[in-house]
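Just follow the structure's listing: the first ligand is 1, and inside any ligand the first atom is 1. Just so it is clear, the model here is predicted, and its values are computed rather than measured. Just the heavy atoms: all of them, side chains too, but no hydrogens, waters or symmetry mates, feed the values below.
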Amino acid sequence: MKRFRQYRLNQEIRDQYADVHLSVTDFIYPYFIVEGKEIKEEIKSMPGVFRFSIDVLLNDIREIKKLGIDKILLFGVVDESSKDEKGSQAYAPDSLIVRTVRAIKKEIPGITVYTDVCLCEYTSHGHCGLLKNNDVENDTTLPLLAEMAYQHALAGADFVAPSSMMDGQVEAIRERLFRAGLSTRILAYSAKYASSFYGPFRDAANSAPAFGDRKTYQMDYRTRNQGLEEIEADIAEGADQVMIKPAMEYLDIIARAQQQFPEVPLVAYQVSGEYAMLKAGAQLGYLDEAGTFYESLSAIKRSGAGQIITYYAKEFATKWNG
Ligand code: PBG
């Protein structure tokens, strides 16, 4: 008989044998930004997550920075009146995100800023690119994504993160940034699956498709190898970091990607539905909140993710330090 229980005798010994340790610097913390002043409104399906106007956002970033979180990801949320067919507000030179990035860079040094690059939050139809025959047209969407990334980069973003799942989006952005002489890096949403776990995000960002779904561009989760092919292509196109999304349901893909591409930083996104389900379970009294979040985040890291995008980062930091 092999005696394993000696590894688990008490907390100190268990700590000695643990090889996965979470740290606040593993996390990228997402923010939803709206126009206006003094706005901090909670998202109903995501307790503890808010939409912020820029002024209040800056205070919140100062708080998380004190807690040790040093990376954030920004999403713009605009109302219906500023949306159009082409998502013009996505790539306007004075867009909501451009103004947000400028404000952060002016006021708060030492925070790494990632911006989401996708049209779905800005188009009247809620799809991630230009429509033709009721489907997103790949190649005419590329220059718009490139322009959006360029505007974010010009404003001072450290990373742009294309998430629309158009073929060639990384290359188009890479070229545009290179031509402009900008050294902004690219975090590619490479293996992004068409997932029901994005539901609460679409509420939060007011970005649900007006018709149909995203299955003609986001990945089919019944494929075993396509995610790895997507990652390989994005690396070839010049991605500096790659992402798998969602996280908890895709630990197999994370583990394989880490083994196949060990030299490229790997990011996993614990998405809105994953957050919402753990929060809801905790609020109903069915789950222990801190315990389930620590376990899920540890599993994501154990599978091979170097960084984790999670809505729980701030609460984690509060509990970790306190
Ligand atoms: C698209 C985008 C989405 C998410 C991140 N970027 C929504 C979608 O593709 O439908 C989802 C993130 C989450 O669910 O937390 N801009």
Can you sort out which atoms of ligand 1 are near [X], meaning under 4.0 Å from one of its heavy atoms?
X	result
Lys192	1 (C), 2 (C), 3 (C), 6 (N), 8 (C), 9 (O)
Tyr269	12 (C), 15 (O)
Tyr311	12 (C), 13 (C), 15 (O)
Cys118	1 (C), 16 (N)
Gln218	8 (C), 9 (O), 10 (O)
Arg202	8 (C), 10 (O)
Glu121	1 (C), 16 (N)
Cys120	1 (C), 16 (N)

Do [Y] and [X] meet the salt-bridge criterion of a basic N to acidic O distance under 4.0 Å?
X	Y	result
Glu107	Arg102	no
Lys301	Asp26	yes
Lys314	Glu63	yes
Arg174	Asp240	yes
Glu315	Lys319	yes

Query raised in the report: Does at least one non-hydrogen atom of Met165 fall below 4.0 angstrom from an atom of ligand 1?
Result: no
Note the single closest protein heavy atom to [atom], along with its residue, its atom name and the distance in Å.
atom	answer
atom 12 (C) of ligand 1	Phe201 CD1, 3.4 Å
atom 8 (C) of ligand 1	Arg214 NH1, 3.1 Å
atom 6 (N) of ligand 1	Lys245 NZ, 3.4 Å
atom 14 (O) of ligand 1	Ser272 OG, 2.7 Å

Requested in this report: Taking the six-membered ring for Trp and the single ring otherwise, decide whether the centroids of Phe50 and Tyr31 are under 6.0 Å apart.
Outcome: no
**Report entry** Ring center gap for Phe32 and Phe52 short of 6.0 angstrom
**Finding:** no
Query - Parallel, tilted or perpendicular: ring planes of Phe75 versus Phe201, cut at 30 and 60 degrees - result: perpendicular
Query - Parallel, tilted or perpendicular: rings of Phe27 and Phe316 (30°, 60°) - result: perpendicular
